[in-house]
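Data block below; observations after.
Heavy atoms only: backbone and side chains are in, while hydrogens, waters and symmetry mates are out. As the structure is a prediction and not an experimental result, all values here were calculated from the model.
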Amino acid sequence: MALLLLIHIALFSTLCFAADPSVFLDFKLSYITLSPLGVPQRVIAVNGAFPGPVVNVTTNYIVNINVHNQLDENLLMTWPGIQMRRNSWQDGVLGTNCPIHPKKNFTYRFQVKDQIGSFFYFPSLNFQRASGGFGPIIINNRNIIAIPFAHPDADIVLLVGDWYTKNHTALRTILESGEELGMPDGVLINGKGPYRYNSTLVPNGIEYETINVDPGKTYRFRVNNVGTSTSLNFRIEGHNLLLVETEGFYTTQQNFTSFDIHVGQSYSFLVTMDQNATKDYYIVASARFVNETVWERVTGVAILHYSNSKGPASGPLPVAPSDIYNQWSAMNQPRAIRQNTTASGARPNPQGSFHYGSINVTDTYVIQSLPPVRIDGKFRATLNGISFVNPDTPIRLADLHKVKGAYKLDFPNKPHDRTPHMDRSVINATYKGFIEIILQNNDTKMQSFHMDGYAFFVVGMDFGVWSENSRNNYNKWDAISRSTTEVYPGGWTAVLVSLDNVGVWNLRVENLDRWYLGQETYMRIINPEENGKTEMVPPDNVIYCGALQSLQKESQSSSAMALHCGNFKLFLTLVITILALYFDF
């Protein structure tokens with residue numbers, strides 16, 4: 001009997017407690033009324049807060065987030081940059097998930113496997129991010145793996161983004177009518193409007209963000225552009241920004257006086273405080289690659305407050321770069337970002353140990369974005385002439401249940417001279433392939449492209465039309481690896497991707513206006529010899545819709561995944577008890 005009890009304890013420890021640590025969070029998304037720019041408006045809060053709470057975890061943690069939809073429309077939450085290894089079921093976009101209906105909930109359960117860095121989450125449907133619902137994600141290193149710089153004294157998270165005083169439903173209506181959104185009403189920093197640096201541009205009574213610091217200390221600023229469509233230039237008056245990380249990968253360390261952060265991008269900077277500071281300083285995020293005289297109001301201003309400060313920030317804001325009419329010069333900054341090939345990331349092996357430059361490319365896709373046009377009477381935007389229509393039944397669910405006609409595996413590998421149309425065309429990618437993707441921006445504005453499920457190597461960037469000769473200038477040694485890259489208007493960006501993550505993964509323009517109008521597709525990556533090791537099965541609480549609606553249970557259960565270990569414990573206890581009774585007998 002004593003032996004059986006020891007076996008019981010040992011099995012419990014091995015099966016339920018020796019696994020990677022788990023965190024459990026509840027997210028309640030609801031509307032609240034705020035006036036971040038002085039105009040009352042309805043914003044989307046998470047647990048009553050705008051922005052939402054930080055998800056602060058460590059590499060390999062298992063994250064459980066129970067999302068409660070208290071909005072009046074469908075909801076999905078997505079986690080860009082989190083690779084969801086083998087688990088596209090948790091990605092939170094319509095090609096992989098059925099939506100969470102109002103008054104329902106769903107628990108996302110995923111592992112932040114072999115990742116570190118700065119990210120953010122947001123609602124992916126119906127233009128909702130333009131009203132909020134976003135918040136930061138921090139993935140820390142394990143203690144056994146050193147970071148390639150001295151530990152900062154503290155982390156400071158900044159969510160910056162352009163902002164409209166119209167809510168997301170009104171903005172959707174504008175787009176659907178065939179109009180552009182126009183100039184935003186301002187820029188928010190951590191959900192707050194600008195400090196009143198200018199009495200003409202900034203009304204009195206605006207709540208602004210204050211960052212408290214001590215002289216001589218070094219802080220890691222994690223800065224995320226969560227906005228709708230505007231690239232921002234970030235700078236701190238009188239301080240240098242030492243770039244150290246972007247979207248989960250350490251960079252070579254370079255000092256900048258200001259830095260361009262495009263929609264959907266995340267960066268980490270080390271900023272050392274002045275030992276002899278006697279006043280406060282401006283923190284600025286202002287519109288970039290626009291006529292900045294006209295767009296002057298599209299400026300966010302926070303305050304860097306020293307503990308020994310003897311006076312407020314005053315005078316003009318620190319000057320933004322003046323190269324808006326010389327974008328060749330501006331492109332030098334992203335081209336200069338290099339991967340720190342000797343640093344260990346989430347794993348102990350150096351980041352540069354994967355020699356991407358010597359791998360043969362198996363497929364090339366040239367993906368061209370164009371300005372919106374009318375298609376069948378609707379205002380739509382296209383990639384390679386196709387404006388994506390979200391499937392009624394998510395792609396992998398359709399595969400598993402043999403639903404015919406849910407989508408097409410015919411996304412073209414280059415632009416074609418044909419009439420733009422709406423379709424459900426998906427990239428038929430090959431598992432373990434190594435593909436080259438050329439993102440050609442023939443639109444009129446700066447764009448960010450994002451890929452779920454992966455990080456890609458940004459090997460080339462230039463103006464004009466990409467050609468095969470452009471490969472001669474690729475960076476084949478220390479290109480930065482990330483999940484969101486800028487593509488300049490009238491230019492191209494080339495990325496290389498190793499397709500080792502089975503599932504269905506969204507490839508999109510991160511600018512909300514173009515994404516909403518159809519500039520997206522999916523990569524379907526299937527292992528033909530799947531044995532359960534390269535792709536997880538659908539979770540027990542999967543939501544069904546479309547052609548599979550009849551499989552959906554009456555209520556959307558959010559607890560199924562969390563009970564796995566408990567159910568097994570109960571079963572194991574029953575087995576041990578029966579064995580004990582048998583042996584006693």
_Residue pair Phe106, Tyr108: steps toward the ring-ring contact (aromatic ring centres under 6.0 Å, His included) verdict_ = CA-CA 6 Å; Phe106 176 79; Tyr108 292 88; 5.0 Å; yes
*Heavy atoms, side chains only, cut-off 4.5 Å: are Lys432 and Asn527 in contact?*
no
*Charged N to carboxylate O below 4.0 Å: is that the case for Arg396 and Asp91?*
no
*For Thr165 and Asp185, test the side chains for any donor-to-acceptor distance below 3.5 angstrom and give the result as yes or no.*
yes
*asked:* Restricting to non-hydrogen atoms, name the atom on Leu159 and the atom on Gly135 that form the minimum distance, rounded to 0.1 Å.
replied: CD1-CA, 3.9 Å
*Pick one: which of Gln440, Gln447, Lys445, Gln519 meets side chain to side chain donor-acceptor pair (under 3.5 Å) with Ser369?*
Gln447
*Could you walk me through whether Asn74 and His101 pass the side chain to side chain donor-acceptor pair (under 3.5 Å) check?*
CA-CA 5 Å; Asn74 288 341; His101 296 307; 2.8 Å; yes
_CD1 on Ile435 to CD1 on Ile525, rounded to 0.5 Å_ = 7.0 Å
*Contact check, side chains of Asp260 and Tyr267, non-hydrogen atoms, under 4.5 Å*: no
*Just checking, is any N or O donor in the side chain of Ser258 or Asn233 under 3.5 Å from an acceptor N or O on the other one?*
yes
_When you compare the side chains of Glu510 and Gln265, does any donor N or O come within less than 3.5 Å of an acceptor on the partner?_
no
*Below 4.5 Å, heavy atoms only, C-beta onward: do Asn428 and Met523 meet side chain to side chain?*
no
*Check the pair His262, Ser448 against side chain to side chain donor-acceptor pair (under 3.5 Å), reporting the backbone distance first and the verdict last.*
CA-CA 7 Å; His262 304 277; Ser448 298; 5.2 Å; no
_Within a 6.0 Å radius of atom CG on Asn472, are there more than 12 heavy atoms belonging to other residues, nucleotides or ligands?_
yes
*Aromatic ring centroids of Tyr121 and Phe27 under 6.0 Å?*
yes
*asked:* Can a side-chain donor-acceptor contact be found between Arg380 and Tyr516 if the only test is distance below 3.5 angstrom?
replied: no
*With a 3.5 Å cut-off and no angle check, do the side chains of Trp505 and Gln83 form a donor-acceptor pair?*
no
_Phe457 vs Phe354, side-chain contact (heavy atoms from CB on, under 4.5 Å): CA-CA, chis, key distance, verdict_ = CA-CA 11 Å; Phe457 295 96; Phe354 183 74; 3.7 Å; yes
_Pairing donors with acceptors under 3.5 angstrom, does anything connect the side chains of Thr169 and Asn167?_
yes
_Is any side-chain heavy atom of Phe388 closer than 4.5 Å to one of Tyr522?_
yes
*Does Asp443 offer a backbone N or O that forms a donor-acceptor pair with the side chain of Asn441 under 3.5 Å?*
yes
*asked:* For Arg85, is there an ion pair with Asp114 - N to carboxylate O distance below 4.0 angstrom?
replied: no
_Exercise: identify the closest heavy-atom pair between Thr393 and Cys545_ = OG1-O, 3.9 Å
*asked:* If you apply the rule side-chain contact (heavy atoms from CB on, under 4.5 Å), what do you find for Asn413 with Asp363, and how did you get there?
replied: CA-CA 9 Å; Asn413 62 3; Asp363 286 293; over 6 Å; no
*asked:* Looking at every heavy atom in both Pro123 and Phe134, which two are closest together, and how far apart are they?
replied: CD-N, 4.2 Å
*Stepwise, does the side-chain contact (heavy atoms from CB on, under 4.5 Å) test hold for Phe456 with Arg482?*
CA-CA 6 Å; Phe456 44 64; Arg482 62 185 313 166; 4.0 Å; yes
_Please determine whether side chain to side chain donor-acceptor pair (under 3.5 Å) holds for the pair Gln368 and Trp466, giving the CA-CA distance in whole Å, both sets of side-chain angles, and the decisive distance to 0.1 Å._
CA-CA 10 Å; Gln368 180 190 73; Trp466 179 89; over 6 Å; no
_Go through it in stages, so that I can follow the logic: the residues are Asp478 and Thr341, the test is side chain to side chain donor-acceptor pair (under 3.5 Å), and I'd like the CA-CA distance, side-chain angles, deciding distance and then a yes or no._
CA-CA 6 Å; Asp478 60 355; Thr341 57; over 6 Å; no
_Heavy-atom check, side chain of Thr493 versus side chain of Val459, under 4.5 Å_ = no
*Atom CG in Leu125, atom CG in Leu76: separation rounded to 0.5 Å?*
4.5 Å
*Taking Asn225 for its side chain and Ile261 for its backbone only, find out whether a donor-acceptor pair lies under 3.5 Å.*
yes
*Side-chain contact test, heavy atoms from C-beta onward, threshold under 4.5 Å: evaluate it for Arg508 versus Arg514 and give yes or no.*
no
*Flag the pair Trp79 / Phe110 as yes when their ring centroid distance falls below 6.0 Å, and as no otherwise.*
yes
*asked:* Is it the case that the side chains of Ser118 and Ser268 hold a donor-acceptor pair, with the cut-off being a distance below 3.5 Å and no angle test?
replied: yes
*Got a second to check how far Ile395's CD1 is from Asn97's CG, nearest 0.5 Å?*
11.0 Å
*Taking atom CZ of Arg288 and atom CZ of Phe234, what is their separation to the nearest 0.5 Å?*
15.0 Å
*Can you see which heavy atom on Thr96 is nearest to which on Ser88, and at what distance?*
CB-O, 3.5 Å
*Taking all heavy atoms of Trp515 and all of Val509, pick out the closest pair and write down the distance.*
CB-O, 3.1 Å
_side-chain contact (heavy atoms from CB on, under 4.5 Å) between Ser229 and Asp162, intermediate numbers included_ = CA-CA 7 Å; Ser229 61; Asp162 59 356; 3.7 Å; yes
*ring-ring contact (aromatic ring centres under 6.0 Å, His included) assessment of Phe434 paired with Tyr356*: CA-CA 9 Å; Phe434 189 73; Tyr356 67 90; 7.6 Å; no
*asked:* Within the structure provided, determine whether Asn384 and Phe411 are in side-chain contact (heavy-atom separation under 4.5 Å).
replied: yes
*asked:* Can you see whether Glu436 engages Tyr474 through a side-chain donor-acceptor pair at a distance of less than 3.5 angstrom?
replied: yes
*Would you say the side chains of Thr251 and Asn340 form a donor-acceptor pair under 3.5 Å?*
no
*Measure the CG-CD1 distance between Leu409 and Ile526 for me, rounded to the nearest 0.5 Å.*
9.0 Å
*Using only heavy-atom distances, determine whether the side chains of Ser266 and Asn224 contain a donor-acceptor pair under 3.5 Å.*
yes
_Would Arg129 pass as a cation-pi partner of Phe122, given that its NZ or CZ must be under 6.0 Å from the six-membered ring centre and within 45 degrees of the axis?_
yes
*Are Asp392 and Arg424 ion-paired here, with the side-chain N under 4.0 Å from a carboxylate O?*
yes
*Between Tyr407 and Arg524, do the side chains contain an N or O donor and an N or O acceptor separated by less than 3.5 Å?*
yes
*Can any side-chain N or O of Gln339 pair as donor or acceptor with the backbone N or O of Ala479 at less than 3.5 Å?*
yes
*Are Ser483 and Met451 side-chain neighbours, meaning at least one heavy-atom pair lies under 4.5 Å?*
no
*Side chains of Asn506 and Glu520: is there a donor and an acceptor less than 3.5 Å apart?*
yes
*Roughly how far, to the nearest 0.5 Å, is NZ of Lys113 from CG of Asn501?*
12.5 Å
*Where do Ala336 and Gln254 come nearest, in terms of heavy atoms and distance?*
O-NE2, 2.8 Å
